[in-house]
Structure formats: C-alpha cells, structure tokens
Amino acid sequence: MRTSWADLAASPAAESAGPGSSASNVGTGNPSAPTRPVYVPPHLRNRPPSAEAPAPANSGRTSASGSVAGAGNVGSRLAMPRNDTRLGYGGGSRTGWGNRGSGWDRGKEREANPFGDEDNAEEAIGEQDNTGINFDAYEDIPVETSGGNVPPPVNTFAEIELGEALDQNIRRCKYVKPTPVQRHAIPISLAGRDLMACAQTGSGKTAAFCFPIISGIMRGQPVQRPPRGVRTVYPLALVLSPTRELSMQIHEEARKFSYQTGVRVVVAYGGAPINQQLRDLERGVDILVATPGRLVDLLERARVSLQMIRYLALDEADRMLDMGFEPQIRKIVEQMDMPPPGARQTMLFSATFPKEIQRLASDFLSNYVFLAVGRVGSSTDLIVQRVEFVQESDKRSHLMDLLHAQRANGVQGKQALTLVFVETKKGADALEHWLFINGFPATTIHGDRTQQEREMALRSFKSGNTPILVATDVAARGLDIPHVAHVVNFDLPNDIDDYVHRIGRTGRAGKKGLATAFFNENNASLARALADLMQEANQEVPAWLSRYAARSSFGGRNRRSGGGRFGGRDFRRESFNNRGGSDYYGGGNSGGGYGASGGYAGGYGPGVTSAWD
DNA sequence: AAAAAAG
C-alpha cells in the first residue's frame, strides 16, 4: 500500500542510490521498485530484529560507567541490537505506542547510534550528561505563567507519557529529572498549546521543545503526503535557529532524543554543500532543523514544503525576530505554505524576550501560554560577573594578565576554556593573531570565515586543543560548550540581551562560571542596564559603574523598566498601555515587571495558573 | 555601526 508519505519519500531516495533511474519508479507506483536496498525505507525499518542478538546482561538502563552512555561501544553496530529488544519494539507495552497497525512503522535498523559513535563522545555528550547537572542550583526557581488554562507542571519524566523509546533515550542522556523549564514547558506543549518560553541560558530548552515534538510525531496519525513532486519532502516539524553551529547542535541533540523512535531529524544550513543535505532530505525527514537562508533556498527550489508542518519551534526566538531576521522569518512562516497559527503548534524559546519582540511574535501564535522560568535576575547567579575599567589601548595587555593568572591557577587535568567576545570580525582575527604570537593558542569564529573553518575552530576549542576562542556574536547564543570556565567581554555588546547570552556560554547545567567584562567610556550607554542586571544577580557592582549608570539613566533603549529580569514578563499584561509603541521593554509601565521581591504569580505547585486569567 | 543568514 502506497498510502504513507514515507513511501513517497522512500522512492526518490532509492533513486538516489541509482542515479540513472530518475523518478521512474515513483511514477509507476511500484512499492518495491528499488532493487538495491542500500536504503531501508521507513515502512520496513521497524521490523523486529528477529534474529538479532539478544540483549546482553548489560541492561543499558544506566550504564553509569563513564560519562557517556554506550561509550564502551566502539562502533554503532555493536550497540544497536542490544537496544532493539528494549526500546522501540519490546517496549510497546505502553498504551498505544506499540500499535503499528497504522502502517506507520517506526524504528530503524541502520540508524547510527548517536550515543556511541562519536569520536569525542565525552565532549559531545558531556554537558548534557546530567549526572553532572547540579539540580540544587535550580531549587526555588521563580516561575510565571500566563494565558488561559495553563497545564500544570510535572515533577518527573516518568509522569509524562512520552513513549518508551523516548524514555529510553532520556535515560541514555542521563537526564534524571526534568529541569524547571522542562517541567513546565513539556506539559504545556503536550497539551497542544502554543508557547512562548523564557528560561535562563543553559537550562535545558532544547529538550523542552524536542521532547513534545518527537513524542507528538510518534503518537500522531500517519500522514498521507500529497504527491506534489517526487523530490519535495514534507517535514512535520520545523526548528529554526539563528546560526549554523546552533542548528548543528540542535540537530545532534534531537538525533539523540529520537534515536530508534523512527523519527527522522535532518539539518540544513548555509555554507556547506547543499547536495548532502538534499540527499539527507530525500531519505525522509520528520523534523527539519535549519537556518533561515538555506531553508528559503530549499523552499524556493521546492525541495521542501511546509504544508505538513505540525510543529514550529523558534530557538533564540527574539533574535530570530529582530530587525535582521524578521523578514526572512515572516516569509518562511507566513508567506510559504505553512499552516497558519492554530493549525500548527508553535513554540518560541529564548533566555531573553523584549516586549516589542513579543508583540511581533504574537503574530505567529494562537492562544499561547507565556512561561518564564528563572531566577530573579536575567543571568543565573551561578555566573560570577566582574566588570573592569579598561581603556581600549590597555585591553590586550589586560587580557594577557587574565590569561596568565588563569594559567597559573592551573586548572587540573583539562585546561579550562576561555571564550573571548569581540565586536567585529576583523577585531577577532587581529586579537587571535596577537594572542597566538604571544604564546596563547587561540582560534576564532566569525562570519567571515568559511564554514569549514568555523566548525574546525569550534571543535578545536571544545576539545581543549585550542583553549581560547575569540568570537563575534555568532557564538553568543545557544552554543553548548562544556568546560567554558571564563567568558571575557573584551568588547562589550551594545545590547544588554546580547551580554546575557554571551555570559550564558558559561555557568551551564548548574555549573559555575566566571564572566569578565572590559568597560570604558565607549560602553556608557550600557552602564545602567549592566549595573541593574548585576545587582539583580547579586553581583558586586563597582562604585564607578554605578556612577556611570546614574549619569546615563534617562532610559536609553537598554534600560529595562521595573528591573527587566530576563525579559521574563508577558507583554500582554501591559499591552493595553503599550499600544503607542514608544516604549522598549515596556518602558514607562508602572508595574515594574516582577515585583521587586516575590512578585511572581505562582507556578510553584500543580494547578497554578496566574493572575493573568 | 556590527553581526548573522543563500550563493
């Protein structure tokens, strides 16, 4: 029966195995046309591994040895038979999950094991290795929700019906219990609600939107794909992010979560050859992770259609909707063939969410829940923030002093990683060169480098091979780099939100971090916001900075009324007096965001909704 | 003014 889109997707893929065959086998409607089954079509992937080796004694439940699940497996093949009997198939005890009657067979026999086949498994999984998560750091987190009928949070993964295969992957990731944003966001999404979520950097947002998507796709009705054109693919979920490296990272994470669920995740971004990405797409895609430019390209080539999208997730959503990106995002979301709000489920995530961006974002949402999870303070107080007054001309030698001190401190074992942010691409190259000739191995990542160079730089940094990375804002958001001990704002950004994201590259997953900023007259416009932010995060604010702040306190665009926290306030609450649009961050409101202390509407216990209703 | 994102 050629009813499933998967069959449609399968044919072009088979065709790609034999380039000469063109689209003929699709046209014939012959389901078993491919004679060289290099590729296992989705409808065949889920055959119970009848003759496979039985599960060894090693249960795999918590291979707590080492930091990596399956680290002992040299190759991916080794790991898979063991798991097959436990995950996708045998586990079908849960209601509905094992039911393959729909012809929507899931699971794969050829899927590479994303847990066991990575060269740098420790680095790759390290941060998400939640044995290392310091959950105590997440106690007493203030939560605010608003919107109608907010589904209550959960306390454990077990009480969420995510499906056996996904549960198993959660165990493999060593996620012991959900982080606060996951506790709240996952039930909201599973209930089918649209969501705008603010949560601190490093608090597990990726999983928060991936789990409901994967679960929903597994649970969902099989789709009949319109045979629009054989080379067009119809993803069910779209995840957009502002940088290529972040898309890669989300893809890697999502692959782990969807391992042996039969849900296929594909990534597409610019700067890399498009042909491999096209081949990946042709093999079938449920979740497409992409950067906007490349996606538009694919859409215009009609290689991707958004017609079947059920889930849309924007990571770093405020960034995606700011001036540079907004037209592209609108084009993708509103002017292609994506179902409208209400006909799809939309999830927006970021650590920061300025009010006027919330307003733009609300165009994409339908009856959404606003969720803010985080401490009172836009940055986690796991990060020690320092500001030093440094003239432009002294910055280099000052950085050198810091690096020397750090080296002297001799972090045992692996060298601590230092991420240095600068303002410009040229400045990045210049600083890298200077560091290099002064004996500090450094590399750099910015938009003037080739994609290969960018990826190489990031790998080299992550592995500790080059423990200093000089970066522009391309690296400011979302990147999850374990062991970043120190973020240096060599040049401060002009926007306080960028500062929040930059320093959020450290202090992740409940670990501590240090952030040092070089401040001088050029940064006067940031003084107020910076001082406020630091104060909220219980950081020591230098007296000279407070003086700068007082001097420039006539509400520049960086000034957040009411102590902006991390943008964690639903603009709808104040929108009636915000229509004028003259405000930024709701400037001039009287309410002042969260109350100075304990002003949260609730969210601590189940069933709590908010005063917004 | 800068950075990012298609080629």
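Naming convention: chains lettered A, B, ... in sequence-line order (proteins, then strands); numbering from 1 in each chain. Predicted, not measured: the structure shown is a model, and the values here were computed from it.
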Inset, instruction - For a salt bridge (Lys or Arg N to Asp or Glu O under 4.0 Å) with Asp480(A), tell me which candidate from Arg508(A), Lys511(A), Lys205(A) qualifies. - result: Arg508(A)
Inset, instruction - For Gly447(A), answer base if it contacts any base atom (sugar-phosphate contacts may also be present), sugar-phosphate if it contacts only those atoms, and nothing otherwise; contact means non-hydrogen atoms under 4.0 Å. - result: sugar-phosphate
Inset, instruction - Using only side-chain N and O atoms of Arg454(A), determine if any of them is under 4.0 Å from OP1 or OP2 of dA5(B). - result: yes
Legend entry - Any Arg244(A) side-chain N or O less than 4.0 Å from OP1/OP2 of dA5(B): yes
Inset, instruction - Specify the separation, in whole Å, of atom CG of Leu321(A) and atom P of dA3(B). - result: 22 Å
Inset, instruction - Using a 4.0 Å heavy-atom cut-off across all strands, classify Val474(A) as base, sugar-phosphate, or nothing. - result: sugar-phosphate
Legend entry - Proximity of Phe353(A) and Phe370(A) rings by center, below 6.0 Å: no
Inset, instruction - Respond yes when some side-chain nitrogen or oxygen of Thr291(A) is under 4.0 Å from OP1 or OP2 of dA4(B), and no when none is. - result: no
Inset, instruction - Answer with yes or no whether the side chains of Gln249(A) and Glu253(A) bring together a donor and an acceptor at under 3.5 Å. - result: no
Legend entry - dA2(B) OP1/OP2 closer than 4.0 Å to side-chain N/O of Lys426(A): no
Legend entry - Rounded distance in Å - CG (Asn494(A)) to P (dA2(B)): 11 Å
Inset, instruction - Tell me which nucleotide among dA5(B), dA3(B), dA2(B) gets nearest to the side chain of Gln328(A). - result: dA5(B)
Inset, instruction - Round to the nearest Å and state the distance from Asp498(A) atom CG to dA2(B) atom C1'. - result: 10 Å
Inset, instruction - Validate the cation-pi geometry between Arg551(A) and Tyr548(A): distance from NZ or CZ to the six-membered ring centre under 6.0 Å, angle to the ring axis within 45°. - result: yes
Inset, instruction - Starting at atom NZ of Lys425(A), determine the distance to atom C1' of dA5(B), rounded to an integer number of angstrom. - result: 11 Å
Legend entry - For Leu402(A), the option from Thr516(A), Val420(A), Thr418(A) that meets side-chain contact (heavy atoms from CB on, under 4.5 Å): Thr516(A)
Legend entry - Glu245(A) CD to dA4(B) P, straight-line distance once rounded to whole Å: 10 Å
Legend entry - Integer-rounded Å distance: dA5(B) P and Lys331(A) NZ: 18 Å
Inset, instruction - Whole angstrom is fine here: how far is it from CE in Met320(A) over to C1' in dA3(B)? - result: 14 Å
Legend entry - Whole-Å distance separating the CZ atom of Arg477(A) from the P atom of dA4(B): 14 Å
